[in-house]
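Structure first, commentary second.
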Amino acid sequence: MFQSLESLGADPILGLMAAYRADSHPQKIDLGIGVYKDAQGRTPIMAAVKEAEKQILASQVTKAYVGPEGDPRYNDLVANLLLGNETVESLKGRRCTVQTPGGCGGLRLAAEFIKKARPDARIWVSDPTWPNHVPLLGAAGLKIESYPYYNHQEHVICFDRMMDALQEANSNDLVLLHGCCHNPCGADLSNEQWRQLKDLALKNGFTVFIDLAYQGLGDGLIEDVYGVRLMAQSLPELIVVSSCSKNFGLYRERTGALTVMCESPDALPAIESQVAAIARGIYSMPPDHGAAIVQLILSTPELKSSWDHELTEMRDRINGLRSLFVSRMKQAGIEQDFNFIQREKGMFSFLGISVEQVATLVRDYSIYLVNSSRINVAGINENNIDYLIDALGKVLESR
Ligand code: LMR
């Protein structure tokens, strides 16, 4: 039965993680997978997470099943974090949020749910988008279309072209938007652009579907959800998949959520039962540990404030690294303009170099980045920046 299977190439992002780990070069740099790193190059466990874990260990009395929708207290707190208490209140009876195994689990659950609701639905994804969006959503059997998003020459969003393409999206379609910190390009929609997209969704009747994996890592916990909240307040239906991997540093604990908003309360029981049945059919129920941590942090004022403080430090560090990178490239006399890196948000930006130049960085310098030239800015630090700039200078010269 298994003889005819072909081997697949490594995952474009996870493969880099494995290659980096296996590399013994003393100056290797990991700018590949999107995990936050501190000044020492470590991915720390946040202080609030450590403290919450201690408290959970001391107080937890059972490991009984949680159920396909996860912990309702976590679900409510996550909904408040995304939407704000007032919006949550105004959506009473029109919204449900369920815990998922990370953002990926949430995306797959959303895709299967969409397939149930509208088997021939099309999902429009940005060009470029996170490489896993297409396999994750496509595997549920949904048709994928793409809309232009990023102008690689000018390093800006090509908003007019995006809006032109989305004129074609209709009530059979969903448009996937990155809530903040666009992965891979780091170029985020302005508030005005979110408003124009909201008007287009209302006019054409497509459903907005938001992937929110980096809340708090762009401009701030509230600033980063301007678009999510605007859509929730204005549209009849909405899907939001959120992740606690990055903003709580809970990567391996697989902690995410799917939020679905519907037009009228009579539709909600069917939505809730369908989502629960799909979850049951794929993974039965989500893992508990990460969600228990988030639940405790968000419901305990001291833990919440410690978490918020550390998240602010992480965000400030990333933004500082963006400026540092740009100024060090200038100091090194590199003529190419990298100012856009300072304007972009979150962990990622494209360097804008060729696949061959990326391959040279990996092969000759053990500097790991995605083929598209996406870098994780958080992988830069004071100890590796000289080596990085020097290598980049050489690779750019040899263009
Ligand atoms: C990334 O884009 O590097 C992260 O979202 C990690 C992943 O799963 O791809």
Side-chain angles (χ1 to χ4, degrees), residues 8-21 28-38 41-44 100-111 125-140 144 146 149-150 176-188 209-218 224 240-258 283 286-287 290 311 314-315 318 321-322 341 344-351 358 361-362 367-380:
L8 301 175
D11 179 273
I13 294 174
L14 302 184
L16 282 175
M17 182 173 80
Y20 172 80
R21 283 182 184 162
K28 65 181 178 176
I29 305 180
D30 181 12
L31 306 179
I33 190 157
V35 295
Y36 175 78
K37 287 169 200 270
D38 64 14
R42 294 174 307 216
T43 301
T100 59
C104 285
L107 286 166
R108 185 54 187 268
L109 183 60
V125 302
S126 61
D127 176 15
T129 197
W130 178 48
N132 207 23
H133 272 147
V134 173
L136 252 180
L137 303 170
I144 314 277
S146 74
Y149 185 80
Y150 190 69
L176 182 67
L177 300 166
H178 296 226
C180 62
C181 307
H182 189 282
N183 181 2
C185 71
D188 279 351
F209 176 178
I210 299 178
D211 185 359
L212 182 70
Y214 297 87
Q215 183 182 1
L217 288 163
D224 290 350
V240 184
V241 169
S242 52
S243 166
C244 300
S245 293
K246 329 280 168 162
N247 54 6
F248 286 83
L250 284 171
Y251 312 91
R252 64 175 65 172
E253 301 296 353
R254 310 315 298 136
T255 312
L258 163 65
Y283 51 81
L311 181 61
M314 287 158 65
R315 175 173 66 245
I318 293 174
L321 287 170
R322 288 183 171 278
I341 299 231
E344 294 177 344
K345 302 283 174 203
M347 290 193 193
F348 308 117
S349 278
F350 287 125
L351 282 180
V358 171
L361 283 173
V362 176
I367 296 175
Y368 289 81
L369 63 162
V370 183
N371 269 347
S372 60
S373 88
R374 185 196 85 168
I375 56 163
N376 171 15
V377 177
I380 303 173

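Atoms within a ligand are numbered from 1 in the order they appear, just like the ligands themselves. All residue numbers in this chain count up from 1 along the given sequence.
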* **Rounded distance [0.5 Å steps], CG in Leu250 versus OG in Ser243** => 9.0 Å

* To do: With sequence neighbours left out, write down each residue that passes side chain to side chain contact (heavy atoms under 4.5 Å, CB included) with Asp11, or none if nothing qualifies.
  => Ile13, Leu14

* In chain order, what residues pass the side-chain hydrogen bond (donor to acceptor under 3.5 Å, both in side chains) check against Asp30, with sequence neighbours excluded? -> Lys37

* To do: Applying side chain to side chain contact (heavy atoms under 4.5 Å, CB included), name anything that partners Leu351, two or more places apart in sequence or on another chain.
  => Phe325, Phe338, Ile341, Ile353, Leu369, Ser373, Ile375, Leu392

Are any protein N/O atoms closer than 3.5 Å to the N/O atoms of ligand 1? If there are, list each pair with names and the distance to one decimal place.
unit_1: ligand 1; atom_1: 2 (O); unit_2: Trp130; atom_2: NE1; d: 3.0
unit_1: ligand 1; atom_1: 2 (O); unit_2: Asn183; atom_2: ND2; d: 2.9
unit_1: ligand 1; atom_1: 2 (O); unit_2: Arg374; atom_2: NH1; d: 2.8
unit_1: ligand 1; atom_1: 3 (O); unit_2: Gly34; atom_2: N; d: 2.7
unit_1: ligand 1; atom_1: 3 (O); unit_2: Arg374; atom_2: NH2; d: 2.8
unit_1: ligand 1; atom_1: 5 (O); unit_2: Lys246; atom_2: NZ; d: 3.0
unit_1: ligand 1; atom_1: 9 (O); unit_2: Trp130; atom_2: NE1; d: 3.0

* Asked: Relative to each other, are the rings of His133 and Trp130 parallel, tilted or perpendicular (30° and 60° limits)?
  -> perpendicular

* Could you check whether the rings of Phe350 and Tyr150 sit parallel, tilted or perpendicular, using 30° and 60° as the cut-offs? => tilted

